[in-house]
Amino acid sequence: MRLMVEALSARRGEDLIFRDISFTLDGGQSMVLTGRNGSGKSTLLRAVSGLLRPESGRVIWHSEGTDADIRAAEACHYLGHRNAMKAELSVSENLGFWKSFIGDFPGGHGVSVGEAAEAVGLGDIAHLPFGYLSAGQQRRMAFAKLLVAWKPVWILDEPTAALDVSAESVFTALIKTHLSQGGIVLAATHQPLGLENARELKMTGFAGGTESMW
Amino acid sequence: MRLMVEALSARRGEDLIFRDISFTLDGGQSMVLTGRNGSGKSTLLRAVSGLLRPESGRVIWHSEGTDADIRAAEACHYLGHRNAMKAELSVSENLGFWKSFIGDFPGGHGVSVGEAAEAVGLGDIAHLPFGYLSAGQQRRMAFAKLLVAWKPVWILDEPTAALDVSAESVFTALIKTHLSQGGIVLAATHQPLGLENARELKMTGFAGGTESMW
Amino acid sequence: MIALLLRDLKLSVRAGGGALIGVLFFTTVVAVIPFGVGPDLNLLSRIGPAIVWIGALLSALLGLDRMFQTDREDGSLDLILMQEHPLALTVLVKCLAHWLGNGLPLVIASPLLGLFMNMDEVAIGATMLTLLVGTPALTFIGAVGAAVAVALPRGGLLVSILVLPLAIPVLIFGVSASYAAVQDPAPFMPPFLILVAITMFFAVLGPLGAALALRNAGD
Amino acid sequence: MIALLLRDLKLSVRAGGGALIGVLFFTTVVAVIPFGVGPDLNLLSRIGPAIVWIGALLSALLGLDRMFQTDREDGSLDLILMQEHPLALTVLVKCLAHWLGNGLPLVIASPLLGLFMNMDEVAIGATMLTLLVGTPALTFIGAVGAAVAVALPRGGLLVSILVLPLAIPVLIFGVSASYAAVQDPAPFMPPFLILVAITMFFAVLGPLGAALALRNAGD
Amino acid sequence: MTHGFYIAMSYGIAALISLCLITWVWLDGRARSKELAELEASGIRRRSAPKPEGEKA
Amino acid sequence: MPQIAVLTKLTDLANPTRFLGLASRILPWMAGITAILFAIGLYLSFAGEGDYQQGMTVRIMYVHVPAAWLSMMCYSVMAASAIGTLVWRHPLADVSHKAAAPLGAAFTLIALATGSLWGKPMWGTWWVWDARLTSVFVLFLMYLGLIALNRAMDDPGKAARVSSVLILVGFVNIPIIKFSVEWWNTLHQPASVIRMGGSTIDSTFLWPLLMMAIAFTMLFFTLHIAAMRNEIWRRRVSAQRRMAARMAGQKTDNTVEKGA
Ligand code: HEM
Ligand SMILES: Nc1ncnc2c1ncn2[C@@H]1O[C@H](COP(=O)(O)OP(=O)(O)OP(=O)(O)O)[C@@H](O)[C@H]1O
Ligand SMILES: Nc1ncnc2c1ncn2[C@@H]1O[C@H](COP(=O)(O)OP(=O)(O)OP(=O)(O)O)[C@@H](O)[C@H]1O
Ligand SMILES: [Mg+2]
Ligand SMILES: [Mg+2]
């Protein structure tokens with residue numbers, strides 16, 4: 001199981017944000033992106049998830065039992081700045097939808113909606129509309145989305161923003177469990193996540209040079 | 001100059017979130033709210049700013065040169081989870097609008113838009129549309145709003161979410177300056193803000209007992 | 001206040017040109033009609049005023065629901081609610097900005113569309129006049145709906161439900177005044193004065209109602 | 001996919017009823033026309049099918065622009081784009097949900113409005129049938145516009161402008177089929193079959209175009 | 001009205017619209033190249049642009 | 001190696017800088033040729049005598065028909081560029097269809113205006129809602145919509161991609177315009193110059209018409225290239241401004257970090 005990023009470059013608007021970033025992550029490995037505000041962490045994560053078409057380079061996914069030319073995005077869970085949950089629907093309706101819409105990737109199974117809510121410490125309020133939760137509770141529930149459907153790669157953009165200390169340790173434990181099951185984690189963060197063996201990639205932003213195409 | 005909160009209780013939906021909270025803050029004093037996710041920090045801040053009608057109790061503002069029955073909200077800056085800036089307008093248009101719309105409270109003057117952007121370390125990109133900034137840059141600019149118009153009380157809801165380390169220290173310095181000018185700061189946060197003399201109020205959420213009105 | 005007016009105008013011009021787009025939409029709607037009813041010029045000129053009014057109502061409706069929603073979504077509404085300006089005044093200013101950015105261009109464009117619909121000069125003039133007087137009422141009514149919608153997720157549709165029944169009288173008197181100007185026995189003044197009265201009524205009620213809704217929607 | 005259909009339907013029912021507002025607007029548009037043409041029942045029944053079709057077209061526009069916008073605002077769109085389901089299929093399902101929530105109620109309400117317009121049974125039946133076949137095409141065309149709107153700071157009207165010209169053929173053939181059913185010499189089948197063909201054409205082109213636009217609007 | 005009037009109007013309107021278009025394109029071009037020159041003068045240059053003679057080493 | 005040479009040639013042309021060089025070399029020539037062609041065309045159109053049936057007003061044809069053709073050709077050029085944007089992601093293709101939209105709108109406006117002016121003496125009315133006229137009007141609205149769309153988005157790359165999709169979807173209107181006169185019976189004249197089975201128009205009208213058509217086409221290409229050049233300059237200016245800001249931002253950011 002391996003995620004390979006080869007010579008990736010990406011633009012935002014017209015400007016090149018980073019250039020020729022390459023790395024490889026095997027099952028059980030994790031990498032943390034750090035760097036100043038605006039240095040391109042979110043941009044890199046979106047490019048790896050296939051949400052932003054890279055200027056050059058590619059992202060390759062390789063595992064047994066899947067096609068060689070599968071889009072890497074299909075093996076990935078993406079947790080962005082926004083939570084991807086509907087305020088009008090209840091938490092369990094939201095999670096249930098994502099569970100069946102995303103579906104499991106070959107090689108694992110997601111937990112049930114109830115268990116996932118339990119795992120992030122909010123099992124008893126899963127019946128509330130999502131819009132009724134506090135900022136931190138919403139973030140936790142967004143994280144629970146990663147548990148209901150199994151995907152080997154987790155791409156996390158500041159997962160711990162707005163979380164209290166106890167929730168941070170819960171998240172760390174969940175991430176470690178995922179790694180121990182052979183998963184891969186790629187996270188951007190400003191606060192240490194508490195992962196021991198994580199590699200670190202420091203984004204430098206425009207220091208790499210902005211080159212206009214015009 | 002004094003902000004008095006007297007026996008404040010507030011509901012969210014149907015549930016009482018906290019009950020009979022009272023405190024007094026004088027010029028130069030600060031208070032930090034801590035507590036688990038969903039414990040009611042944001043709710044308290046919104047009640048103090050007058051955005052949420054309290055179930056009981058009241059918030060009183062007292063300073064020389066203002067009416068005795070002035071709404072406390074008028075002396076307050078509120079920085080919530082959301083940034084209150086338009087993605088379509090440039091940063092300086094946004095800040096300029098808030099400067100003239102909010103206006104100065106008697107007893108002080110806001111700095112100019114350029115200086116405010118400079119103070120949060122982003123003076124050079126004030127002409128970009130706000131939507132072009134990264135998450136952390138947006139948060140910094142939202143903070144700059146507090147500087148362009150002078151209000152004695154700053155109410156901050158997780159001001160440092162999504163910020164990198166250098167920006168956090170910039171914010172701490174700005175908050176300290178505000179306190180030294182006789183301002184008052186009331187902040188909810190999960191990370192230490194680095195204020196030495198801040199009082200702390202630990203919110204307990206439902207532990208206080210949820211009392212149904214039925 | 002001026003700052004708010006300017007900002008809202010700027011937003012409506014900047015973000016894809018509220019004015020330009022409203023007018024274009026209006027034109028498109030009117031241009032579509034002959035495809036439906038066929039190229040019968042007499043018939044067109046007969047239903048002309050009604051069509052022009054419906055087009056204006058529709059273009060006014062389509063942008064209305066977002067009047068406060070965008071401010072709420074990015075948190076600006078919180079700060080606006082906190083200021084000492086009387087809230088109804090703030091709403092009035094926002095309505096004004098909205099009408100200047102979206103309603104006025106419709107009024108200005110209406111004579112051209114009248115020509116397309118083969119209307120005669122009197123009918124065109126009357127329609128334009130009634131639009132000038134009537135569209136502010138639509139904005140004021142819409143403001144109440146938009147304010148109520150702020151508290152609701154995905155307000156859009158609901159706003160229109162609240163707004164449409166109130167807007168129907170405006171439409172009816174607007175259209176009948178326009179017709180009265182052309183068709184002989186019917187006098188122009190009575191429906192037109194009623195239209196003026198409706199607008200003035202909603203100019204007061206709209207901002208007050210919207211302010212009330214906004215205060216109570218806050219959470 | 002079923003999950004997506006159910007979720008979208010649930011959202012459209014829960015959030016204030018897209019069905020209701022569309023129908024309400026539809027009724028308003030149709031009800032205003034008699035003011036224009038006066039109480040001439042013959043004329044009314046003559047332009048009836050056209051007016052009903054125009055009303056349906058305009059009501060279908062309301063709400064269309066938000067088809068993907070809400071998903072984008074809360075980040076759901078990102079996750080939807082990442083899945084392996086062919087994107088065009090996802091769009092098709094969303095169109096279906098939108099049509100069930102917004103288009104179908106219009107079709108169901110149309111006989112009532114036909115009665116308002118003094119149309120006879122055959123005309124009412126024909127109009128309803130053409131609406132049933134034609135409104136999905138409007139949704140599919142609208143999906144392209146809605147997908148484009150995702151990249152806009154404020155979608156709204158611009159979408160409708162881009163969409164309306166494409167919707168004109170649907171209107172033309174819908175109306176002419178309805179007329180053909182009543183007026184003797186004209187055969188009903190040819191325009192009706194063309195309408196069916198247009199719908200099928202856009203059922204393919206719409207989702208493909210929308211998928212293309214969504215992929216390219218992403219950032 | 002005579003046919004001459006319609007002909008004159010047609011040619012007139014066509015000429016007017018074309019001239020407006022031409023002037024707009026021309027003025028736009030002048031404004032842009034002036035801006036570029038100003039930027040150049042203030043020392044900002046594209047990275048991929050060829051460097052002036054003196055800097056080549 | 002020949003293939004590589006060809007490839008470099010292509011990428012060279014693709015390079016905006018090369019395009020600018022080329023544009024500045026050929027633009028004066030093109031402008032000159034356009035002027036000459038217009039002179040000849042105008043001379044021919046006023047030298048010939050009028051149609052016995054339509055009277056002198058046939059002279060309107062010499063502007064109306066070329067403008068109408070151009071309005072459709074411009075859209076076709078935009079559609080081709082749109083494919084370039086979507087398939088090859090070529091920045092010059094983005095620039096091309098963005099620059100063409102106002103030109104297309106202007107030519108369509110000329111066709112509409114001269115058509116109306118011709119309609120009044122011929123049909124007795126300025127405007128009828130017949131299929132040809134309305135579909136041209138719809139084309140005009142589509143041009144305006146595309147211009148508005150481009151103005152509404154401030155990321156030019158994204159704007160280009162999104163509007164390409166719409167341009168391609170909207171292309172269905174072009175065959176409708178072209179064949180509307182045959183599909184529906186309309187007041188408007190069916191095609192007589194460009195049609196299968198050869199032209200049916202009298203050669204006294206054909207020559208001035210062709211001359212004017214070529215002149216209008218040259219005018220279009222001249223303006224298109226000039227507008228593309230302007231657009232490239234515009235993007236270059238904004239890219240350089242942003243870069244300057246970014247570099248400055250970098251500097252202050254570093255000092256902030258040091259100060260902390
Ligand atoms: C606003 C009104 C009008 C519009 C929008 C319009 C539009 C067009 C268009 C798009 C074409 C090109 C068709 C093609 O290439 O097949 C065309 C051609 C032509 N139009 Fe018009 N037209 C209008 C009014 C008129 C009038 C009033 C006349 C004369 C009675 C007229 C006479 C012609 C002729 C002779 C051609 C050339 C047809 C051919 O030989 O291909 N048009 N018009
Ligand atoms: N709009 C709302 N409607 C109903 N209930 C709400 C709403 N917003 C929050 N709540 C509930 O009120 C409680 C307190 O929420 P609040 O946002 O004040 O928490 P918080 O302390 O700010 O948490 P966090 O650290 O996650 O931001 C939560 O249990 C939440 O479920
Ligand atoms: N939608 C956008 N359009 C244009 N430019 C953008 C956009 N989003 C971000 N940028 C720019 O791209 C750069 C990188 O942004 P990015 O969001 O990747 O930063 P980040 O490292 O995630 O920062 P943060 O820590 O603040 O989240 C920033 O300088 C920003 O100004
Ligand atoms: Mg980020
Ligand atoms: Mg909170």
Exercise for review: Looking only at non-hydrogen atoms, find the nearest pair between A/L51 and D/D78 and report the distance.
Suggested key: CD2-O, 3.4 Å

**Study point:** Minimal non-hydrogen separation, A/C76 against D/M82, with atom names
**Key:**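 Heavy atoms only, the tightest pair is O-CE, 3.5 Å.
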
Review point. Do A/Y78 and D/L81 touch side chain to side chain, with heavy atoms closer than 4.5 Å?
Key: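 A/Y78 does not reach D/L81 side chain to side chain.
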
Interatomic spacing from [atom1] in [X] to [atom2] in [Y] - rounded to 0.5 Å:
X	Y	atom1	atom2	result
A/K86	D/D8	NZ	CG	7.5 Å
D/L6	A/F101	CG	CZ	12.5 Å
D/K10	A/E88	NZ	CD	12.0 Å
A/S100	D/R7	OG	CZ	10.5 Å

Check your understanding: For A/K145, is it the side chain, the backbone, both or neither that has a heavy atom under 4.5 Å from a heavy atom of chain D?
Key -> side chain

Review point. Are the side chain of A/R71 and the backbone of D/Q83 linked by a donor-acceptor contact shorter than 3.5 Å?
Key: yes

So with a 6.0 Å cut-off around [atom1] of [X], is the heavy-atom count from everything else above 12?
X	atom1	result
A/H127	NE2	yes
D/H85	NE2	yes
A/F23	CZ	yes

Revision key, fill the gap. Interface check, chain A: of D/D71, D/D74, D/L77, D/L4, most non-hydrogen pairs under 4.5 Å belong to D/D74

